[in-house]
Amino acid sequence: MPAGLQTWDAAGQPEIDLATRVFRTLQVIPIGAGPGQIEVNASAQGTIRAFINAGGFTGSSSSRRGVTISGNRVSWSAGDGAYLYLVAW
């Protein structure tokens, strides 16, 4: 008999199942108004993704604009007082 994790939303639609990529948060970094960069040990973490959340922890405005990943370096063009989220799966 198969086993696994499945969850559904209030409308009965699947939210998480065996095909869903679930990420883990590696780091949340408050970033200033200007550009910046950080080095990440990507080989030990898996596939790295990054995005900026302009609303902080409770906001809903997020974007991958202005964020680039090149090797182990994650850089951003502007922060405007937002948070940079580094995640991996």
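Between the OG1 atom of T68 and the CD atom of Q37 there is a distance of 9.0 Å, given to the nearest 0.5 Å. Atom CD1 of residue I29 and atom OH of residue Y83 lie 12.0 Å apart, to the nearest 0.5 angstrom.
When all heavy atoms are compared, the tightest approach of I69 to I48 is CD1-O, 3.5 Å.
Under the salt bridge (Lys or Arg N to Asp or Glu O under 4.0 Å) criterion, the residue pairs touching residues 27-41 are E39-R73, with sequence neighbours excluded.
Every residue two or more places apart in sequence or in another chain was checked for a side-chain contact (heavy atoms from CB on, under 4.5 Å) with S70, and none qualifies.
The closest side-chain heavy-atom distance from V74 to L84 is below 4.5 Å. Within the 4.5 Å cutoff, the side chain of I38 has heavy atoms near those of the Q27 side chain.
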